[in-house]
Participant: 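Right, I'll just put the structure down here and ask away after.
What you see is a predicted model, and the numbers here were worked out from it, not measured in a lab.
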Amino acid sequence: MTTPDAVHPAWLPPEAFRAIGSRRTLVLGDGLLVETVRDEVARACAQYGGRVRRGADGGAYDFVLALTTAEPQAAIGVRPDSAIGTEGYLLARHDGVTVVLADDPAGLLYGLFHVVRLGESAFTGERQAEHHRPATRRRTLDHWDNVDVHPVMGQVERGYAGGSIFWHDGGPRGDLTRVRAYGRLLAACGINAVAVNNVNVHATEARLLTDRLGDVAVIADVLRPYGIRVHLSVSFASPVVLGGLPTADPLDEDVRKWWTDVTDRVHDAIPDFGGYVVKADSEGQPGPFAYGRDHADGANVLAEALAPYDGVVHWRAFVYNHRQDWRDRTTDRARAAYDHFAPLDGRFRDNVILQVKHGPIDFQVREPVSPVIAAMPATRLAVELQVTQEYTGQQRHVCYLAPMWREVLGFRPWGPDGTAVADVAGGADGNGGGLVGVSNVGDDPYWTGHPLAQANLYAFGRLAWDPWSDPAAILDEWIDLTFVPVSESGTSADVERLRRTVHSIMDDSWRTYERYTAPLGVGFMVRPGHHYGPDVDGYEYTPWGTYHFADRDGVGVDRTRATGTGFTGQYPPPWSEVYESLDRCPDELLLFFHHVPYGHVLHSGSTVIQHIYDTHFAGAEQVEQARRRWEEAAGLFDPSLHARVKELLDEQVRCAEEWRDQINAYFFRKSGIPDVRGRHIP
């Protein structure tokens, strides 16, 4: 049972280790992560009566975890037919023994957690050898955590789960027990890198690179046993702010030497340091433009300093004019990243990773895939996803994002026979930029504020490991690991009812959220600043550049080449033609690419205005249905968790109704066209 002052175990409750803990286990190999594996098994055995041994002693075993270099393969009865590969593992079962083999300790750790996911099924029947290996080498979380409490954004920028687990009110948290538990959760879903501070680097955060580096090293020490490398967000202006140089010009020799020297010191303190994250010339952050240089110049100077240490620079492509004149319709925020970066393809060093938001605007509930992902074949790209739900309910609303991410990763920019986004992120032999998620974790007892939002963090890790995974299957994994009957007398029927309840609430929750918020890909329509709740014109006349252009005749942004901003031309065929065409553009993105009359007929057969009415009524009703299902299942869940989710579903119902009424009223008043079904619109 979870009490308010306890930390919820998320997808690693003790019960998840019952199958392993009741077996006789042999662990073969050496190294820090092998010791982590041994400790995990020993802890489970202490609780459930099994035993674990370090070396083969002639006894009988049910479960063997071994490095391929540790013992002759005949000793454990399984031989890999080829190299297993970095972080990979082989899983098999024969003659009553379940075996995990790995070439390196990280693979052994991931193999252990695979068996945890399987539970009892890992120890029944026969299992032919299965090879498992991550699709990409880098599976990263960016924490937008501040060391100092920011006067506007607080301890965590766009954080909806309390304070930071790393920092508190100007300094590090003294007790990092929870950070270790976090590393364990991340390893169990496949994440292997964490940036520990905000990409908007303020004065105190900048000093983490130099005189406060020890604070970062302590975090790295705690996460290292779970195979997680620490990364650090740094200011491009660090040579000036921290080093006292008169310039941060990336082509200045003194600047290059400064970055080399400081990176040497970072590596001395953190030998497995992952690298830097940089937000430059973006939303007021300093960058190379101040010196007449471009982003390749800026990224390469940091990459050069990191190269000897297998370090990388994650250089964010979130660059646009946030001080534009709203009356100037030629300026299009969607175009900006491509316009800045596509001409630089081939000029970045090999250890620069261009970090590209999955859509061209800003983590909206519906956007097309960013054209930058298809525009830079000679550059390593990482696809950035937002796990924290800034524009998708802020972890007060249920919004399971894995179906959205799976659509993005499966999108093929060059057509049905071309390469997918997942392949671009994975790169050749898994050495691409990978996936980066903006973390949704805080010091809330449930980690993510909304207990059901844990599923998004878990799913991000699982999709980063295997981008072709089925979101429904990932949700099944998370449910089965996280929820157990309230008492051991819980029946199989109760377990199945619990699964059905969670699936009924979460499976379609992303599209439900889309239905009651901004329609047909138009985006935003949120309250400025905090971005929660509806405000249709909130950004319409601001310098941030996100518009819907609704008037009495129609709605939507003309981004065509023929009559609009030309954004459609940033895509390769066939999508450049599909998005350009009013007839062929998918309904869900219509208003992102076209300005149309309210009476325009969608492929669904509905008019735009009637679609707006229908979806907003339907979305609000679906949230009410979710609340009823949750209330009916009260006895299946821990009472504290059930109460927290019920409270949040009450808020989601309230907010969904507000979205419904504001959006419908706004467009009814603009268009003058009534709802054909005669429903009440305020």
Participant: Got a second to check how far Tyr516's OH is from Glu621's CD, nearest 0.5 Å?
Facilitator: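 That separation rounds to 13.5 Å.
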
Participant: Start with the C-alpha distance between Tyr391 and Phe363, add both sets of side-chain angles, then the distance that settles ring-ring contact (aromatic ring centres under 6.0 Å, His included), and finish with yes or no.
Facilitator: CA-CA 7 Å; Tyr391 296 101; Phe363 300 131; 7.6 Å; no

Participant: Evaluate side chain to side chain donor-acceptor pair (under 3.5 Å) for His603 paired with Asp587, printing each intermediate quantity in order.
Facilitator: CA-CA 7 Å; His603 297 117; Asp587 282 351; 3.0 Å; yes

Participant: Would you mind reporting whether Leu590 and Val608 have side-chain heavy atoms less than 4.5 Å apart?
Facilitator: yes

Participant: Assess whether a salt bridge exists between Arg515 and Asp508, defined as any Lys/Arg side-chain N lying under 4.0 Å from an Asp/Glu carboxylate O.
Facilitator: yes

Participant: Checking the side chain of Asp345 only, and the main-chain atoms of Ala378 only, is there a donor and an acceptor separated by less than 3.5 Å?
Facilitator: yes

Participant: Can we call the ring centroids of Trp575 and Phe411 under 6.0 Å apart?
Facilitator: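 Yes, close enough.
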
Participant: What distance do Gln454 atom CD and Asn440 atom CG have between them, rounded to the nearest 0.5 Å?
Facilitator: 9.0 Å

Participant: Are Glu205 and Lys279 close enough for a salt bridge, meaning some N to O gap below 4.0 Å?
Facilitator: no

Participant: Quick one: do Phe341 and Tyr338 satisfy ring-ring contact (aromatic ring centres under 6.0 Å, His included)? Show the steps, please.
Facilitator: CA-CA 5 Å; Phe341 287 96; Tyr338 182 104; over 10 Å; no

Participant: Ring centroids only, cut at 6.0 angstrom: are Tyr541 and Trp326 within range, meaning strictly under it?
Facilitator: yes

Participant: Side chains of Val352 and Thr379: does their closest heavy-atom pair fall under 4.5 Å?
Facilitator: no

Participant: Between Arg584 and Glu577, is the closest basic N to carboxylate O distance under 4.0 Å?
Facilitator: no

Participant: Do Glu157 and His150 make a side-chain contact, defined as non-hydrogen atoms from C-beta onward lying under 4.5 Å apart?
Facilitator: no

Participant: Hey, would you say the Phe667 and His611 ring centroids sit under 6.0 Å apart?
Facilitator: no

Participant: Within 45° of the ring axis of Phe549 and under 6.0 Å from its six-membered ring centre, is that where the NZ or CZ of Arg329 lies?
Facilitator: yes

Participant: Go through the steps for Phe318 and Tyr320 under the test ring-ring contact (aromatic ring centres under 6.0 Å, His included), then give the verdict.
Facilitator: CA-CA 7 Å; Phe318 187 52; Tyr320 67 100; 5.1 Å; yes

Participant: Compare all side-chain heavy atoms of Pro574 with those of Trp414 and state whether any distance is below 4.5 angstrom.
Facilitator: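 No, every pair of side-chain atoms sits at 4.5 Å or beyond.
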
Participant: Quick one: do Asp297 and Arg347 make a salt bridge, cutoff under 4.0 Å?
Facilitator: yes

Participant: Could you tell me whether His231 and Tyr276 have their ring centroids closer than 6.0 angstrom?
Facilitator: no

Participant: Phe524 pairs by ring-ring contact (aromatic ring centres under 6.0 Å, His included) with which of Phe592, Tyr539, Trp544, Tyr547?
Facilitator: Tyr539

Participant: Does the structure place the NZ or CZ of Arg396 under 6.0 Å from the centre of the six-membered ring of Tyr532, at an angle of no more than 45° from the ring's axis?
Facilitator: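 Yes, cation above the ring, under 6.0 Å and within 45°.
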
Participant: Is Glu283 salt-bridged to Arg316, cutoff N-O under 4.0 Å?
Facilitator: no

Participant: Go through it in stages, so that I can follow the logic: the residues are Arg511 and Glu514, the test is salt bridge (Lys or Arg N to Asp or Glu O under 4.0 Å), and I'd like the CA-CA distance, side-chain angles, deciding distance and then a yes or no.
Facilitator: CA-CA 5 Å; Arg511 293 179 178 85; Glu514 180 181 23; 5.7 Å; no

Participant: Nearest 0.5 Å, what's the NZ-CD distance between Lys357 and Glu367?
Facilitator: 8.5 Å

Participant: Only one of Thr331, Asp332, Thr330 passes side-chain hydrogen bond (donor to acceptor under 3.5 Å, both in side chains) with Thr565; say which it is.
Facilitator: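 Looking at Thr331, Asp332, Thr330, the match for Thr565 under the side-chain hydrogen bond (donor to acceptor under 3.5 Å, both in side chains) is Asp332.
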
